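What follows is a short report on a single structure.
Note that the structure is predicted; figures quoted are calculated from it, not measured.
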Amino acid sequence: MSKFEAEKSGWLRSFMTELGIVEPASVAELEEDHREVIEAYRSGKITQAMLRGSLMNDERVSAQVEASAAERQF
């Protein structure tokens, strides 16, 4: 893995952690389900914003974001 690819992988993991997706099984499942989009991001074919949008369209991710937002309100 090149330094560039490692930086992109690091950003992806950080983004998932930021969303509250930290369980190894959950991370692996999301990575598998979005493999094509993630590979397009890693190869420079799409931007971070496009990857973020794709992940945010996933029901599991959007539910986690809503749960995290609700926790912050209390």
Side-chain angles (χ1 to χ4, degrees):
M1 179 182 295
S2 72
K3 182 180 177 185
F4 182 69
E5 290 172 325
E7 287 174 6
K8 286 186 174 254
S9 290
W11 176 84
L12 180 60
R13 293 293 175 138
S14 294
F15 177 64
M16 287 187 187
T17 300
E18 179 184 315
L19 295 174
I21 302 166
V22 294
E23 302 263 337
S26 297
V27 170
E29 187 177 317
L30 274 175
E31 286 181 338
E32 179 59 30
D33 291 350
H34 294 274
R35 182 176 26 121
E36 290 178 12
V37 177
I38 292 169
E39 288 304 316
Y41 168 69
R42 287 182 178 153
S43 67
K45 294 179 181 174
I46 65 171
T47 64
Q48 276 185 8
M50 294 169 87
L51 175 59
R52 181 183 295 259
S54 177
L55 291 172
M56 293 300 288
N57 283 330
D58 188 297
E59 198 173 284
R60 296 164 293 185
V61 175
S62 58
Q64 182 61 44
V65 170
E66 289 174 13
S68 295
E71 288 175 9
R72 285 188 291 243
Q73 288 180 348
F74 293 108

Under 3.5 Å: donor-acceptor pair, side chain of T17, backbone of R13 = yes
Any donor-acceptor N/O pair, N57 side chain to G53 backbone, under 3.5 Å = yes
[X] side, atom [atom1]; [Y] side, atom [atom2] - distance, nearest 0.5 Å:
{"X": "I21", "Y": "E31", "atom1": "CD1", "atom2": "CD", "answer": "10.5 Å"}
{"X": "L55", "Y": "S62", "atom1": "CG", "atom2": "OG", "answer": "11.0 Å"}
{"X": "E18", "Y": "Q64", "atom1": "CD", "atom2": "CD", "answer": "12.0 Å"}

Looking only at heavy atoms, which two atoms of L30 and D58 are closest? And how far apart?
->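 So the two residues come closest at CD2-OD2, 3.6 Å.
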Are V22 and V27 side-chain neighbours, meaning at least one heavy-atom pair lies under 4.5 Å?
->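 No, their side chains stay 4.5 Å or more apart.
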Hey, does L12 have a side-chain heavy atom less than 4.5 Å from the side chain of R42?
->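 R42 reaches L12 side chain to side chain.
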Worked verdict on L51 versus H34 for side chain to side chain contact (heavy atoms under 4.5 Å, CB included) = CA-CA 9 Å; L51 175 59; H34 294 274; 5.7 Å; no
